[in-house]
Structure formats: structure tokens, C-alpha cells
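Quick caveat, the model's predicted, so the values are computed rather than measured. So that the names make sense, note that chain A is the first sequence line, chain B the second, and so on, each numbered from 1. These values consider heavy atoms only, across backbone and side chains, with no hydrogens, waters or symmetry-generated copies.
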2 protein chains.
Amino acid sequence: MRKSLSSFQFLETFFIGSRFVLSDIEGEHGMYKTLIEHIQNHIKLSDQSASRLVDYFESKEINKKEYLLKAGAISRFEYFIVRGCLRVFVIDAKGVENNIRFGTENWWIGDFTSFLKKEPASYFIQAIEKTEVLLINRIKWDRLFSEIPEIAFYFHIMFQNAALGQQSKIAQHISYTPEQRYQDLIEKRPELLQRVPQKYIASYLGITPEFLSMIRKKISTS
Amino acid sequence: MRKSLSSFQFLETFFIGSRFVLSDIEGEHGMYKTLIEHIQNHIKLSDQSASRLVDYFESKEINKKEYLLKAGAISRFEYFIVRGCLRVFVIDAKGVENNIRFGTENWWIGDFTSFLKKEPASYFIQAIEKTEVLLINRIKWDRLFSEIPEIAFYFHIMFQNAALGQQSKIAQHISYTPEQRYQDLIEKRPELLQRVPQKYIASYLGITPEFLSMIRKKISTS
DNA sequence: AAAAAAAATTAAAATATTTTAAGAAATCAG
DNA sequence: CTGATTTCTTAAAATATTTTAATTTTTTTT
């Protein structure tokens, strides 16, 4: 009979952010180490359970400009980024690409609605640089939750963070000017400005590349 | 020993959306019926567990213009709207109110970050009309999760939906014009246009009331 | 390393949105 | 019900942002 973690316990783990050191997942399984450490940063997960994760995920490397997912297809996997950088975008009625998210190391990426409901995806996911991901299919995803139940708390936290982060992102998008949104991006994810082409950043901020250029010029001369 | 629902099971419940009829929660406890039905629309919850919910929530009625929460205070409760309409807004650096969300019947509302971390809230929550809510404090919230574990699945779904819904809302805000966002609101939440003053709607759409007026005029004459 | 392609910058003209101001319509308080 | 207040609309002027187009810089390909 397993003991269920109370909400309180999981929150403690969440905020204290205890980290366990792994010794048995090494060498060829290096990419799993990244995922396991990320999970253990958020919940308690025995090294034994951790070592079982290897059975659920496969690894994949994609080159710059290659796609992990194209809108219209059914998203068969959820992806964890071990190394690299991806962009998520939609194509609107006018045929224009709109970048809505950038994923880097330790981010989960996917079209979750498509993955769950087996509906055609709305998003494109493309590599901005050579990227290594771990992926899990739907069958193993379900198995994961029933066979390693602690994991449910980890994803609970992931979804909760996603919901909270996006809530404040919406607030910002409404109340900030494009210049303020750019300043905020510089503060929160400075590495993106090095890794992501400016035209994608502009689209993410909801402005044209030309206008982003003007903003950058204005900032640098003040 | 309780049986844990697998991810698969809870998803089935989610999408099939089975509904159970309650007969024992009636009369003076009518407001709980709304919550219980909402929960049972998403997960399986025995009528016995359902009847215990009464112990966790209190009810409160607030009048038009009254506040449930003000930024700066610590949010001690999460709220479920039984009847009425609330707005969530932030005040930006220029002192301007920015509405980011409207809650109506069956919506959960609160500053969840503040509630969890006991930090000062960033949001104001104010009634747009006379509103009846059920509220739960942090201690009972934790107790709820450990004593009625099925509920965790319900909130898992709530967070997941919030994360997904907000994701697509961000995508829209970037790729739609104000006019398209207004059209989308008409489609998705037509009742809000009757219940919420236009100046709040304008703020929610990220435009001035004057410009919303122009959009409405343009739409009505085409 | 050179040629070709893609991305970033600059500036001017065009368009979208806000601001200001005033009047009309709707709602509120006594 | 009536006056007072708030909300909504309209229009003109001001500002922000996009579009277009040309040039420079950077990246990719050969």
C-alpha cells in the first residue's frame, strides 16, 4: 500500500527544492540524468524509481530547422529538451508564422491537447539549433502515471507552473508596451537573445522585426 | 486500501464527461450542488465523498463593486463562483487597471501564487454583479487533498485546462488584431458582453474603450 | 574563401491605435 | 422620479506601429 503525498508535502518539496544525487545513471544514459535531476528538483523520487524512467523515454536528436511536429498531424509524443533550443509557432489566417514559445534545456514541449485527445495539432515545433530531446508516447505516458505514481506530482507542478506563468504572461501582454515586453524578456530569459533570431523574438513580442530594431536602437542609445 | 485512478482512467472520465445525479445535497446546501456537479462533470466522485465537501467550503456573498481580494494582501482563500460575475485585474506602473480575466458561474478564481506561497497578491478581484462564492482556506485545502484524494484529479484537470486555455489565449493575443479578438470573445463567451461593462471588455482586449466603440460600430454596419 | 542567401537595420510613407474633448445615453443615489 | 454620476459614442489630432523598399551585416553553402 503506497502512501500518498499530501498537497502540503509536495509543496514543501517544491519550494525547498531538494536535490538528490544520482550515481547509477551515467555514461550512455547521460541524457536521462538531465531529466531525472529536473524531476528530483521538484519532487522526491527514489533513485530506484528514477532508474526505471529509462524504460519510458526514447532519445532523439534533431538538426537545426528540422521539425518535431507540424500542425495538422497528430502529436504522438511529449518532449523534454535535454540540450538545444526549439520554437513553437502557429500559422495564422494570413499565412504568417507567430512564435508563441521558445523551449530550451529542461523545458517540456509538445501540443498537449493533440497528444491527449489524438486531435490534429495546431502548433509547429521546429529546432532553432541542433537539439536533443527525450520523448514519450501516449501508451507509455499512461503507464508511467500508474507505475510510478510519484510522477503525477511532478506533472501536477509542471502544469501548475505553466498555468501560473501563462496567466502572468497574459497580464503582461495586455498591460505592457512592446518595449516593456522586450525589457522583460531581457531580464527573464537573456540567453534567448543570443540563441534565437531576432525575427522570431519580434514575432514572440507581437511586433515586426523592423520595429524591434528601432526599439533596440532606442534602448542602446539611452 | 484505495485504488488509484490511472491517468488513462481519469482522462476517460474527463472526455466522456459522465455526470452523476445527487439527491442528498439539497435545500440550504444548494450552492454546494453547483460545485459538486461541476466536479462530477470532470471526475468520478462518490455521492458519499461529495457530501463531505460541505465541511471544507464556506459560502460568501459579495455585492457589486466589493472586493474579494486586493493586491498586496495575502490571498487566504481560493474561490469557486456559484453565481455571479467577477473581474480580475492588475494595476500597472501608470496606475491603470488592466482586466485579465472574467469569472462567471463554475469558474475558480483566486491568486493561486499568493495562496500557495503566502506572498502578497498581484491581483485585484472585484464583483461586477452580486456574486455568491464558495471559499476554501489553505489548511482545509491541504486536508481536502489528503482526505478526498480523487479531488486531486479534478484539480489536475482544472490546472491542465487553465494551462492549455491560456496557452492558446497567448497565441491569439499575439496573432489576432483587436477586432479579431473581439469577434472571438463574442463567439466564445457571448454572455460576458451582456454582463460586463464595455470599458472592462476593452481593457481585457488590450485596447481603449473609444477604439472598442469604433470596432463595434464598424462590425454592426457591415 | 567567395558567392549566395538570409537576417538585421534604416528611413519614409501608410495605417492602426490612442489621446483629448465634448455630447448623448445609461445607471445610480437619494 | 430626478439630478448626479458614470459609461458609451463620436470625431479630430497626436502618437505608435506597420509596411515598403533599399542597404548593410551576418550566416550558409559551395
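Per the geometry, CG belonging to A:L212 stands 15 Å off P belonging to D:dT19, to the nearest Å. Here the P atom of nucleotide D:dT27 and the CZ atom of A:R195 are 16 Å apart, to the nearest Å. Atom CD of B:Q180 and atom P of C:dT17 are 10 Å apart (whole Å). As rounded to whole Å, 13 Å separates atom P of D:dT10 from atom CD1 of B:I215. Here C:dA11 presents its C1' atom at 14 Å from CZ of A:F211, a figure rounded to the nearest Å. The OH atom of B:Y182 sits 16 Å away from the P atom of C:dT17 (whole-angstrom rounding). One interatomic measurement links the two molecules: OH of B:Y176 to P of C:dT17, which rounds to 16 Å at whole-angstrom precision. Between the CE atom of A:M214 and the C1' atom of C:dA7 there is a distance of 18 Å, given to the nearest Å.
Among D:dT17, D:dC8, C:dA7, the nucleotide with an atom closest to any side-chain atom of A:P178 is D:dT17. Closest contact between the side chain of B:S213 and the listed nucleotides C:dT9, D:dT10, C:dT17 involves D:dT10. In the set C:dA7, D:dT7, D:dT18, the nucleotide with an atom closest to the side chain of B:K65 is D:dT7. Taking every side-chain heavy atom of B:I207 into account, C:dT18 is the closest of C:dT18, D:dT18, D:dT9. The listed nucleotides are C:dT10, C:dT18, C:dA8; the one nearest the side chain of A:K217 is C:dT10. Out of D:dT7, C:dT9, D:dC8, the shortest distance to the side chain of A:E210 is found at C:dT9.
C:dT19 is paired with D:dA12 under the criterion used here, namely a Watson-Crick or G-U wobble arrangement in which both key atom distances are under 3.5 Å.
Around CZ of A:R101, the count of heavy atoms belonging to other residues, nucleotides or ligands within 6.0 Å exceeds 12. Enclosure of atom CD in A:E191 by more than 12 non-hydrogen atoms of other residues, nucleotides or ligands within 6.0 angstrom is indicated.
For the pair B:K64 and B:E179, both in contact range of DNA chain C, the more 5′-proximal nearest nucleotide belongs to B:E179.
The main-chain N or O of A:H38 is never found under 3.5 Å from a side-chain atom of A:N106 such that the two would form a donor-acceptor pair. At least one donor-acceptor pair under 3.5 Å links the side chain of B:Q126 to the backbone N or O of B:K65.
Ion pairing between A:K64 and A:E129 fails under the 4.0 Å rule for side-chain N and carboxylate O.
Close to C:dT9, at under 4.0 Å from its OP1 or OP2, lies a side-chain N or O of A:Q198. Distances shown here put a side-chain N or O of A:R216 below 4.0 Å from the OP1 or OP2 atom of C:dT9.
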